[in-house]
Amino acid sequence: MRLRTVLGIGIGKFSVLVGGGKGLLKNGPQTCRWRLQGRRQYSFLPDDVKSPRAVVNPDISKIRNIGIMAHIDAGKTTTTERMLYYSGYTRALGDVDDGDTVTDFMVQERERGITIQSAAVTFDWKKHRINLIDTPGHVDFTLEVERALRVLDGAVAVFDASAGVEAQTLTVWRQAEKHHVPCICFLNKMDKPGASLHFSIESIKKKLKANPVILQIPIGSGKSFTGLIDLITNQQMTWRVKSRAEDGRVFETKSLSQSDDPELLQDAMEARAALIEQVADLDDEFAELLLGVYGENFDAVPPAKLQEAVRRVTLARKGVPVLCGSSLRNKGVQPLLDAITAYLPAPNERHHDLVRWYQDDLCALAFKVVHDKQRGPLVFVRIYSGTMKPQSAVLNINRNNTERMSRLLLPFADQHVEIPSLTAGNIALCVGLKQTVTGDTIVSSKASAVAAVRRAQKEKEGERKRGGEQASLVLAGVEVPEPVFFCSIEPPTMSRQADLENALTCLQREDPSLKVRVDSDSGQTILCGMGELHIEILHDRIRREYGIETHLGPLQVAYRETILQSMATTDTLDRTVGERRHMVTVSVVVCPIMDSSSSSLTSCEITYDEEVEEQLSPDVRDAVENGVNSSYLQGPLLGYPVQGVSTMIQSVSMEPGTSLAMLSACVSRCMLKALRQAGGQVLEPVMSLEVTVGEEHLSSVLGDLAQRRGAIRDIQSRHDSKVLLATAPLAEMMGYSTALRTLTSGNATFSLQLDIYEAMNPQHQNALRRNQVFLYA
Ligand SMILES: Nc1nc2c(ncn2[C@@H]2O[C@H](COP(=O)(O)OP(=O)(O)OP(=O)(O)O)[C@@H](O)[C@H]2O)c(=O)[nH]1
């Protein structure tokens with residue numbers, strides 16, 4: 001998986017896992033440096049860090065578990081690289097355009113310059129431990145963002161300051177809100193000609209419905225962007241970076257009162273007064289202080305008091321601090337790091353209800369699994385309570401099994417450092433957990449889980465939920481969205497089928513949004529994914545990482561079927577097998593339950609007539625439900641899975657001697673009849689599309705969309721470009737990136753995400769049926 005071969009080299013109790021380049025390893029980690037690929041110098045730990053033991057378990061109040069998220073290409077990876085560099089963990093600036101960043105380490109990421117997997121890196125900044133996760137911006141990898149947000153305490157949303165809020169920003173913002181994660185906004189790319197603080201702030205207010213709290217104003221714009229004014233401290237920070245070779249490590253800080261630019265001074269004074277007023281509106285404690293002590297002179301408010309108030313506002317999610325900079329030009333990243341430590345919460349400032357029941361016992365959530373050829377699966381965990389130790393057994397509550405963790409690692413920059421233990425609030429990498437998958441909860445033992453249940457019961461007396469005791473102690477995992485694309489995958493020869501199955505099993509553990517199934521008719525292995533890019537990357541990874549040249553069938557859209565009306569049906573099965581006569585009669589009613597307002601598909605449900613429910617034994621009920629569920633797998637119309645149907649079992653009458661398998665078969669046949677008579681309807685995924693294009697190409701993009709059954713929702717202006725918002729069926733959007741590139745000579749960008757599953761009109765449904773006949777002929 002990693003670009004370099006990873007070797008384990010022990011140093012006393014610690015092991016440092018280093019790259020396969022030329023390495024020099026002396027007694028202590030601080031002397032460990034090596035050169036890789038003849039280009040970048042990586043370092044192990046900065047010189048001022050005495051030993052990993054000293055930094056392994058920092059005080060919990062000094063930990064920041066932070067995600068970095070944004071629309072594709074906003075500059076997350078570039079910003080992360082700068083953070084690693086300024087904190088001293090890398091010795092050279094990585095560049096996505098040169099393909100040598102620390103966090104984008106997959107070959108595909110480096111080749112394409114995009115983030116695919118979220119990468120966790122640990123580094124220290126001004127006596128704080130920052131665990132940072134760089135998440136992908138492309139919509140096909142949204143689940144990676146969701147997984148990361150589940151375990152983070154705060155997030156930095158990076159914006160392209162010339163574009164403001166873009167389609168995917170909205171998605172990740174909603175995800176952060178869902179997990180109640182406090183955020184900071186970083187307006188990156190202030191060096192770009194169209195970059196604007198005002199425009200970005202308006203777009204944050206309008207599109208994200210957030211309350212931006214401006215903490216900095218930029219000095220200069222576009223190419224002449226030179227620095228920032230910090231409105232909290234009233235200081236001016238200037239970077240004298242003349243060329244890209246200069247690293248921006250050194251910058252000048254002076255009090256604003258010394259500024260020789262009266263206009264800038266005036267702007268800053270007005271912005272600070274607005275900031276103070278805004279914070280006073282959002283924070284009562286600050287308002288009281290202001291009115292009591294500084295009523296006469298707001299300017300005299302000490303920076304520390306203002307900062308504390310901004311922190312309270314951020315943690316309460318009443319406002320989001322906004323900072324600006326240009327990561328590529330090495331400006332503004334150090335103040336962003338300061339803001340992360342100053343405004344985002346420590347793990348103990350976040351409330352995790354379930355965790356307090358474990359008290360000092362271990363409770364951790366596995367949020368990511370990666371496969372390493374040498375070490376097997378590496379499981380990223382967030383520790384919520386207690387301490388994790390290597391060479392110990394842990395209980396996986398979800399799987400109800402005990403596993404042995406052999407080693408515990410910290411992902412320091414691009415190195416994995418072996419550590420003796422790790423406490424609550426931290427993020428670690430576990431080696432040896434072979435059964436654990438993303439979303440599993442790990443505790444120390446069954447006894448500790450039972451003790452936690454007892455505490456929970458005591459606390460929640462009387463309000464225990466139906467889900468049972470154990471379920472209440474499992475940290476919520478991550479919802480996996482339904483895949484919208486699928487295709488068959490075949491190994492080059494049958495002798496490699498087992499290798500392919502192994503590769504797919506490993507990839508599935510890493511990526512829960514990949515689904516694999518075997519087609520019952522053709523026996524083919526089917527890959528189901530989130531988008532064209534997702535499937536393309538998986539194909540590439542199977543080739544490179546597992547050495548299997550697979551053949552992919554044509555990419556197909558994951559349609560669904562539903563019904564249009566309710567229908568009651570009865571069926572009787574009377575069959576003699578050998579000496580035994582099986583006779584059963586079943587009556588069912590099927591009803592549509594479509595929720596047209598939601599993009600997610602309505603699942604199917606099974607209910608019983610009250611009297612029937614009482615009469616059926618548990619094994620008979622299981623057999624009935626098996627029959628119903630098997631009929632949901634392939635709809636009667638075109639064989640797509642059935643969604644949005646509620647089935648009521650009205651009667652079941654079985655002659656003595658009838659087997660449960662025959663009961664299931666009868667239910668399934670009766671269901672098929674009912675679904676057929678209820679009038680089938682194909683549902684197709686409809687995508688929302690955002691295209692940013694120069695005005696000169698707008699009409700050709702619109703013409704093309706019309707041919708793709710696209711519906712235009714809005715056309716907005718953004719500087720010299722037009723932003724086109726539309727919806728279009730996914731089936732029509734195959735190969736859109738190539739088509740758009742051709743139409744606009746590469747001068748357009750787009751993002752695509754699932755909007756809704758919609759009923760297909762009869763004409764297109766018939767066309768789909770004809771195509772299907774053609775495809776399988
Ligand atoms: N002008 C300008 N370009 C920048 C800046 N920061 C990043 N870029 C460029 O923007 C492009 C995308 O940068 P990345 O850091 O890969 O962005 P990302 O958000 O990580 O992208 P994904 O991970 O693919 O979503 C690259 O070409 C960068 O060189 C900046 O401050 N100014």
Side-chain angles (χ1 to χ4, degrees), residues 67-86 93-106 108-119 121 132-145 148 155-163 165-173 175 185-197 200 218 220-228 239 241 243-244 246-248 323-336 531 533-534 536-537 692 719 737 746 749-753:
I68 183 155
M69 56 183 204
H71 184 82
I72 190 161
D73 273 359
K76 298 173 300 292
T77 307
T78 310
T79 308
T80 309
E81 282 295 318
R82 286 352 180 223
M83 290 178 173
L84 289 173
Y85 180 71
Y86 296 132
L93 283 171
D95 193 326
V96 281
D97 303 318
D98 295 340
D100 63 350
T101 58
V102 168
T103 50
D104 283 354
F105 55 74
M106 272 169 66
Q108 292 86 346
E109 292 179 318
R110 292 186 170 198
E111 277 177 3
R112 293 163 194 252
I114 57 165
T115 307
I116 293 167
Q117 292 198 335
S118 53
V121 288
L132 185 140
I133 301 189
D134 176 20
T135 59
H138 195 287
V139 67
D140 283 13
F141 308 106
T142 302
L143 187 68
E144 281 286 319
V145 185
V156 177
V158 178
F159 299 77
D160 174 340
S162 69
V165 174
E166 297 174 88
Q168 186 63 4
T169 330
L170 205 65
T171 311
V172 291
W173 192 268
Q175 286 174 319
C185 295
F186 180 59
L187 307 182
N188 187 32
K189 305 199 182 185
M190 287 307 290
D191 62 298
K192 273 178 78 173
S196 156
L197 173 70
S200 301
S221 63
K223 277 197 172 139
S224 59
F225 168 66
T226 53
L228 305 159
W239 280 261
V241 180
S243 72
R244 270 182 73 173
E246 287 177 71
D247 66 8
L323 296 101
C324 12
S326 164
S327 299
L328 187 67
R329 306 286 167 218
N330 307 325
K331 292 170 192 163
V333 177
Q334 297 94 327
L336 174 62
L533 182 62
H534 188 202
E536 201 183 305
I537 299 279
T692 307
H719 311 302
S737 60
T749 56
F750 80 103
S751 71
L752 198 65
Q753 57 185 305

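Indexing begins at 1, ligand by ligand and atom by atom, following the structure's order.
One distance of note links CG of Leu328 with CE of Met190; it measures 14.5 Å at 0.5 Å rounding. Separation of atoms NZ (Lys223) and OG (Ser326) is listed at 12.5 Å; rounding is to 0.5 Å. Residue Asn330 holds its CG atom at 4.5 Å from CZ of Arg82, rounded to the nearest 0.5 Å. Interatomic distance, CG of Leu228 versus CG of Leu323, reported as 8.0 Å (0.5 Å rounding).
Within ligand 1, counting atoms from 1 as listed, the ones closer than 4.0 Å to a heavy atom of Asp191 are 1 (N), 2 (C), 30 (C), 31 (O), 32 (N). Short contacts between ligand 1 and Lys192, defined as distances under 4.0 Å to a heavy atom of the residue, involve ligand atoms 1 (N). Less than 4.0 angstrom separates some heavy atom of Gly75 from each of these atoms of ligand 1: 7 (C), 13 (O), 14 (P), 15 (O), 17 (O), 18 (P), 19 (O). Taking a cut-off of under 4.0 Å to the non-hydrogen atoms of Ser326, the atoms of ligand 1 that pass are 30 (C), 31 (O), 32 (N).
Distances shorter than 4.0 angstrom occur between a heavy atom of Ser327 and an atom of ligand 1.
Of the candidates Val333, Asp160, Thr78, Thr78 brings a heavy atom nearest to atom 14 (P) of ligand 1. Taking all heavy atoms of Asp73, Leu187, Leu328, Thr79 into account, the minimum distance to atom 30 (C) of ligand 1 is reached by Leu328.
Contacts between Thr77 and ligand 1 below 4.0 angstrom, taking non-hydrogen atoms only, involve backbone and side chain alike.
Of the polar atoms of Ala74, at least one N or O is found under 3.5 Å from an N or O of ligand 1, judged by distance alone.
Listed here is the closest heavy atom pair of Gly75 and Val158: C-CG1, 4.2 Å.
Ser327 and Thr79 share a side-chain donor-acceptor pair at under 3.5 Å.
Counting only heavy atoms from C-beta outward, the side chains of Leu197 and Leu187 approach each other to under 4.5 Å.
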